[in-house]
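For reference, the structure is listed below as structure tokens.
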Amino acid sequence: MEQAGQQEAEIQEFLKSVKRVFMVMSGKGGVGKSTMAAGIASALAAKGMRTGLLDIDVHGPSIARIMGLTGLALGTVNGKIQPYPYSDNLKIISMQGFLQHSDDAVIWRGPLKIGVIKQFLVDVDWGPLDALVIDSPPGTGDEPLTIAQFIPGCGAIVVTTPQGVALADVRKSLNFCRQVGMNIVGVIENMSGYVCPECGHHAAIFKTGGGEALAREFNVPFLGRMPIDPMVVCAGDDGVSAMERSIAMKAAVDEIVGNVLLDEVTEEKVAKGENKMEKIAVPVAGGMLSSHFGHCEEFLFATIEAGKIAVVENLVPPPHAPGVIPNWIADQGATVVLVGGMGEAAQQIFQSRGVAVVCGVQSGKPVDLVNQYLAKNLAVGGNSCNHDGDDHHGCGH
Ligand code: ADP
């Protein structure tokens, strides 16, 4: 307990010297998440922002390669880990810098990984930063969860490719962000068509627009798109960064950073929770959280502005029938639902409609529960969601 308190204090101290933290995420590997993280960090640095680029993918670090830093070796001075000074404004830390050989495998489990992520935040000589860009491994495992817990004001940038398989995984990432209460800065669509270097013709290899449609569906900003450019692939191997080699990459990332991210850093908008569009639904019976999701008396909908409850409405749901209530909740514009338990079918509807489900919520007054969720101290236990063979009690079917 004491150790956890000290850890938190160290992280709070570190966060005082960083204006804005972004975590770049993706639902699955190979969509260009690390390439985009490197590009965003480079573009922010080029615009004069003191930027840190932190690769927390301990199992498959790729930032060093993407930045053209083969053989990256990092060490400590006076007990502080020294980041690689890529340029005046850009410092880089990657697990790669601590491996003897570039193809060494790291086989740590959860607690060790969490320890090393914490070290990469507090034990590194970052100096004051305007922006820290974190490249997390794909998916929603220990690493992004650790960052969400350590850095509550962190903003998620979600990278996807336009095709359906990748988009399905991105839904999980967006739902994860909502479940842990992390700001979603927006979605980037990578590998969005191919621009022929000879004639400039744009071919939509995987279709385009999937990322933008998904962003619209989840009511989160669409940050921009980046086409496939063969120059990106060979850059790192030639010892230069993709940003230096690919004109298309530089143009796309400059636009993304110029349009949105620079403002985020200079105005610290998301840190203050200003761009958070949330509506939280809670099933209610007798003025308290109802454990019977499908049979509650009414739903409380709390609209959140600037991180606080702005409007509260109580609405009576339509009569109970398979799938009706989850769809009705989504139609009200809810982004999160707090419940005791919920069956698989209802969860699937919520997932496909972009509504995050927080399960295992204990009894309490709905407004108190919403406030606890916003303060990130909502107690959840006895989670009857997310289990195979779930007993389907209180479900919406
Ligand atoms: P992730 O971090 O999602 O696993 P990476 O950033 O490592 O993905 O990219 C996977 C591969 O795709 C790399 O070889 C990278 O060079 C390539 N790549 C990424 N984005 C593009 C792009 N827009 N055009 C061409 N190749 C790309």
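Just follow the structure's listing: the first ligand is 1, and inside any ligand the first atom is 1. Any value given below was found using the heavy atoms of this structure, including those in side chains, with hydrogens, waters and symmetry copies removed.
Using modelled atom types, one finds a donor on one side chain and an acceptor on the other under 3.5 Å when comparing D229 with S246.
Closer than 4.0 angstrom to ligand 1 lie heavy atoms from G29, G30, V31, G32, K33, S34, T35, R65, I66, N190, M191, M226, P227, I228, D229, V232, V233.
Between F120 and F98, the distance from one ring center to the other falls under 6.0 angstrom. Aromatic rings of Y84 and W126 (six-membered ring for Trp) have centroids beyond the 6.0 Å cut-off, not under it.
Among residues two or more places apart in sequence or in another chain, the salt bridge (Lys or Arg N to Asp or Glu O under 4.0 Å) test is passed with D135 by K33. Residues satisfying the salt bridge (Lys or Arg N to Asp or Glu O under 4.0 Å) criterion with D130, sequence neighbours excluded, are K19, R50. For R65, there are no side chain to side chain donor-acceptor pair (under 3.5 Å) partners at least two apart in sequence or on another chain.
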